[in-house]
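In each ligand, atom 1 is the first atom listed, and ligand 1 is the first ligand listed.
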Amino acid sequence: MRERVALIGAGPSGMSLLRALALAEDAGAAVPEVVAFERQDDWGGQWNLDWRTGADRHGEPVHSAMYRDLWINGPKECMEYPDYPFDAHFGRAVSSYLPREAMRDYIVGRVAEVAGRIRPEIRFATAVRWVQPLEGGGFAVTSEDLVTREAVTERFDRVVVATGHFHTPHLPSWPGVETFPGQVQHAHDYRSPEPYTGRRVLVVGSSYSGQDLALQLHRAGAAHVTTAYRARPQDIAWPAGMDEAPEVQGFDGAEVTFADGSTAEYDAVLLCTGYRHHYPFLPRELALAGPNLLAPFGLWKGVVWHADPRVLYLGATQQLFTLTLLDAQAFFARDVLLGRVPVPDEEERRADMDAWFERMTRIDGPPAALAYQGAYIQDLSSHTDCPEVDVEAVARTFLEMRDARIEDVRTFRDRRHRSTVTGTLAAAHPVPWMDRPDDSLEEYLHRFPA
Ligand code: NA7
């Protein structure tokens, strides 16, 4: 009998898996029956903007942290699918940094060829409520149609979890924070900078969200923006109106004390403190937990759940390479599902996970982190026919971006990088990013005559 696979989530990872399966089928493989469950009304995961915060139109937690004015914060050349160049998608050279809508358009464009077949496999506006391992094998998956409110329980042989891990905020607390008189908001609920204009803002957390939102607020006229880091300072030559501080120790009304004993007053606090792995539909023994790591706990090859290899995860790793990383995982997962990649025994899986974990502990900075994830992508791809990523060239582009950002955080998005796939040098966007170019797809493409 044909195996049945439940795919939970139709963001870029789930879309990549559906596409990879369709390609295998075209090449003559017998593929399992896949039912994909997607809580949102459309595919695209994080790339879908919802103006709402808190609850979505069905009363479910809003999935995406997407905000107006988001432009990618690494060059597109670091995210380019080797078999789907940006030039080919847009029919022209565009800038290295794209607004949200253009990026989403590219991701959707990549699956266009098979969209007519894979989209019907997705049940939109449908939430998986519970996955129960069955004694006789397989899983009982209970899902709820969010429109009709009907719940069904169906049997599947395997489960692929592709719900991502940037939807449930990590919300640390500090002594006295409840006495702070202004707004304390997490980045997941941020939609636009206007409420921060003219204010002194403390951004807590200095990773992707912290870096971008601090700059967004500065650009939109915040009176002052301080970024509080935890691990290490960012090496940025901060422009007037921006600075950074070490870890927050506590609040006393509007006054914040930092780890070096210094204090400052703020009007608003924006928490860019990351996200939690959160899989409320999985029993504890199947649910990934722990911090956002390049080698998450309990996943063989970052994909196969060690404790029960019938469960696979996509996109659960910390992301540097983003789309190409997700694609490499999707091809790997597909070939595990097709039996082309044998899952080794427990001991061998454990030894492999330990080796990658130990290697991760030796990472001492961005170049080493990029080399690590590049090697991981190559390792995954060596088992499949996933389009090959030139990981060294992409890592070099990342580091060029990093140097440009350190040099001037306000202008790094105006730089032009070269595609590692086609060799094309990106076009120059005529409006500097600091001047807030319009972020609609139509207006963006209008800037680059075909
Ligand atoms: P990340 O990349 O998971 O980063 C979260 C950051 O929050 C990270 O730098 C943490 O510091 C920091 N953090 C967590 N708790 C604290 C406290 N208590 N004080 C200060 N700093 C803290 O999440 P992002 O939202 O930036 O990015 C998520 C994804 O969005 C990213 O992968 C991109 O794909 C886009 P740490 O480094 O652990 O010391």
Under the salt bridge (Lys or Arg N to Asp or Glu O under 4.0 Å) test, which residues partner Asp354, sequence neighbours left out? Arg350

Please confirm whether Ala187 comes under 4.0 Å of ligand 1, counting heavy atoms of the residue only. no

Show the numbers, then the answer: is there a ring-ring contact (aromatic ring centres under 6.0 Å, His included) between Trp51 and Tyr67? CA-CA 8 Å; Trp51 63 266; Tyr67 41 91; over 10 Å; no

Option from Gln319, Met15, Met79 for which side-chain contact (heavy atoms from CB on, under 4.5 Å) with Leu326 holds: Gln319

Please say whether Ser207 places an N or O atom under 3.5 Å from an N or O atom belonging to ligand 1. yes

Can you tell whether the side chains of Asp385 and Arg334 come within less than 4.0 Å, N to carboxylate O? yes

Where ligand 1 meets Val204 - atom numbers and elements under 4.0 angstrom, heavy-atom basis: 19 (N), 20 (C)

Region of Phe166 that comes within reach of ligand 1 [heavy atoms, distance under 4.0 Å]: side chain

Ligand-side contact atoms (ligand 1) for residue partner Pro172, heavy atom cut-off under 4.0 Å: 18 (N)

Should the pair Asp83-Arg110 be classified as a salt bridge under the 4.0 Å nitrogen-to-oxygen rule? yes

Could you check atom 31 (C) of ligand 1 against the protein and tell me its nearest heavy-atom contact, residue, atom and distance included? Tyr208 CD1, 3.3 Å

In plain terms, say whether Arg416 and Glu77 are close enough for a salt bridge, that is, a side-chain N and a carboxylate O under 4.0 Å apart. no

Heavy-atom gap Gln318 to ligand 1 smaller than 4.0 Å: no

Between Asp42 and Arg119, does any side-chain N to carboxylate O distance fall below 4.0 Å? yes

Quick check on contacts: which atoms of ligand 1 are under 4.0 angstrom from a heavy atom of His170? 14 (C), 15 (N)

Per atom 27 (O) of ligand 1, closest listed option by heavy atom (Gly164, Ser206, Ser209): Ser209

Specify the protein heavy atom at minimum distance from atom 37 (O) of ligand 1: its residue, its atom name, and the distance to 0.1 Å. Ala231 CB, 4.2 Å

Close approach of Asn292 to ligand 1, heavy atoms, under 4.0 angstrom: yes

Looking at ligand 1, does any of its N/O atoms fall within less than 3.5 Å of an N/O of Cys272? yes

Under 4.0 Å from a heavy atom of Trp174: which atoms of ligand 1 are those, numbered in the order shown and with their elements? 18 (N)

Min N/O separation Tyr275 to ligand 1 under 3.5 Å: no

Is any NZ, NE, NH1 or NH2 atom of the basic residue among Arg68 and Asp439 found under 4.0 Å from an Asp or Glu carboxylate oxygen of the other? no

Pick from Pro291, Gly274, Ala228: the one approaching atom 5 (C) of ligand 1 most closely through a non-hydrogen atom: Gly274

Any carboxylate oxygen within less than 4.0 angstrom of a Lys/Arg side-chain nitrogen, looking at Glu244 and Arg232? no

Looking only at protein heavy atoms, which one is nearest to atom 39 (O) of ligand 1, and what is the separation? Arg230 NE, 3.0 Å

Any carboxylate oxygen within less than 4.0 angstrom of a Lys/Arg side-chain nitrogen, looking at Asp352 and Lys301? yes

Does ligand 1 come near enough to Tyr229 that some N or O of the ligand is less than 3.5 Å from an N or O of the residue? no

Could you tell me whether Glu194 and Arg436 have a side-chain N and a carboxylate O separated by less than 4.0 Å? yes

